[in-house]
Amino acid sequence: QSVLTQPPSASGTPGQRVTISCSGSSSNIGSNYVYWYQQVPGTAPKLLIYSNNHRPSGVPDRFSGSKSGTSASLAISGLRSEDEADYYCAAWDDSLSGPYVFGTGTKVTVL
Amino acid sequence: QVQLQESGPGLVKPSQTLSLTCTVSGGSISSGGYYWSWIRQHSGKGLEWIGYIYHSGSTYYNPSLKSRVNISVDTSKNQFSLKLSSVTAADTAVYYCARGLPADYWGQGTLVTVSS
């Protein structure tokens with residue numbers, strides 16, 4: 001049912017930079033803010049990025065978000081073992097799919 | 001520090017109504033102007049937003065679940081609740097309650113299994 005599409009997996013070695021994409025449409029990413037959540041297996045999701053590119057207090061600046069048109073990206077620089085988790089994008093949606101939709105999720109593996 | 005805790009039966013029979021309650025501590029539901037949400041996650045799958053309630057009682061539901069969902073709030077107990085009717089095995093999932101959209105505080109989640 002997800003209307004935001006993410007690659008199922010991404011990986012990198014410690015210290016590398018990993019980028020995750022999130023593709024949407026004009027009714028969601030194209031006209032609203034994008035949010036990113038991190039979910040370590042077995043735990044509740046954690047808000048990582050809000051309003052496209054802002055980090056809540058306590059989130060390392062290794063995590064950064066960006067948005068262009070109907071797509072968004074999450075970048076993790078200086079990859080660390082504790083970054084191994086599932087990452088979800090989300091956005092408000094102005095269509096009948098809404099009003100709040102999540103991405104399909106991306107599993108990040110630290111090699 | 002705001003904390004949320006889900007509670008309710010872990011096993012529900014098909015065709016019955018799933019009922020969960022979220023107790024909020026460390027903050028008042030009736031202040032702050034937040035949406036209070038329910039979100040679920042099927043095993044090994046992604047997140048699905050179910051709906052939210054505002055402290056005033058106004059609600060908004062996922063269109064795909066709208067006909068079966070009811071979210072209510074009890075400000076005197078600092079709780080909000082989810083009812084999902086006519087459940088099937090497809091409703092088996094971990095159910096989370098959360099504050100806000102985007103959700104900045106989450107409960108730990110509770111697994112609800114639909115089975116006879």
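In what follows, chains carry the letters A, B, and so on, assigned in the order in which the sequence lines appear, proteins first and then strands, with residues in each chain numbered from 1. Basis for what follows: all heavy atoms, side chains included, without hydrogens, waters or symmetry-related copies. Values in this document were obtained by computation on a predicted structure and should not be read as measured data.
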Is the number of heavy atoms from other residues, nucleotides or ligands within 6.0 Å of OH (B:Y61) greater than 12?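 Yes.
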Inspect the surroundings of CZ in A:R62 and state if more than 12 heavy atoms from other residues, nucleotides or ligands are less than 6.0 Å away.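 Yes, the 6.0 Å shell around CZ holds more than 12 heavy atoms from other groups.
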Heavy-atom closest pair, residues [X] and [Y]:
X     : Y      : answer
A:T43 : B:Y96  : O-OH, 3.5 Å
A:L47 : B:A103 : CB-O, 3.6 Å
A:A44 : B:W106 : CB-CB, 3.9 Å
B:K45 : A:Y88  : O-OH, 3.4 Å

With a 4.5 angstrom heavy-atom cut-off, could you sort out which part of A:Q6 is near chain B: side chain, backbone, both or neither?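 Contact with chain B: none, neither part.
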Less than 4.5 Å to any heavy atom of chain B: does that hold for the side chain of A:P45, its backbone, both, or neither?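 Both backbone and side chain of A:P45 come within 4.5 Å of chain B.
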Shared ILVMFWY cluster between [X] and [Y], side chains joined below 4.5 angstrom?
X      : Y     : answer
A:L79  : A:W36 : yes
B:Y35  : B:Y95 : no
B:Y54  : B:Y60 : yes
A:F102 : B:V69 : no
B:I71  : B:L47 : no

With the side chain counted from C-beta on, respond yes when B:P102 and A:Y37 share a heavy-atom pair under 4.5 Å apart, and no when they do not.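 Yes, side chains in contact.
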Is there a side-chain contact between B:D104 and A:P56 (heavy atoms, below 4.5 Å)?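 No, too far: nothing below the 4.5 Å cut-off.
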Worked check of side chain to side chain contact (heavy atoms under 4.5 Å, CB included) between B:L101 and A:Y35: CA-CA 9 Å; B:L101 279 180; A:Y35 309 94; over 6 Å; no
Under 3.5 Å: donor-acceptor pair, side chain of A:Y100, backbone of B:Y52: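 Here the side-chain-to-backbone pair does not exist.
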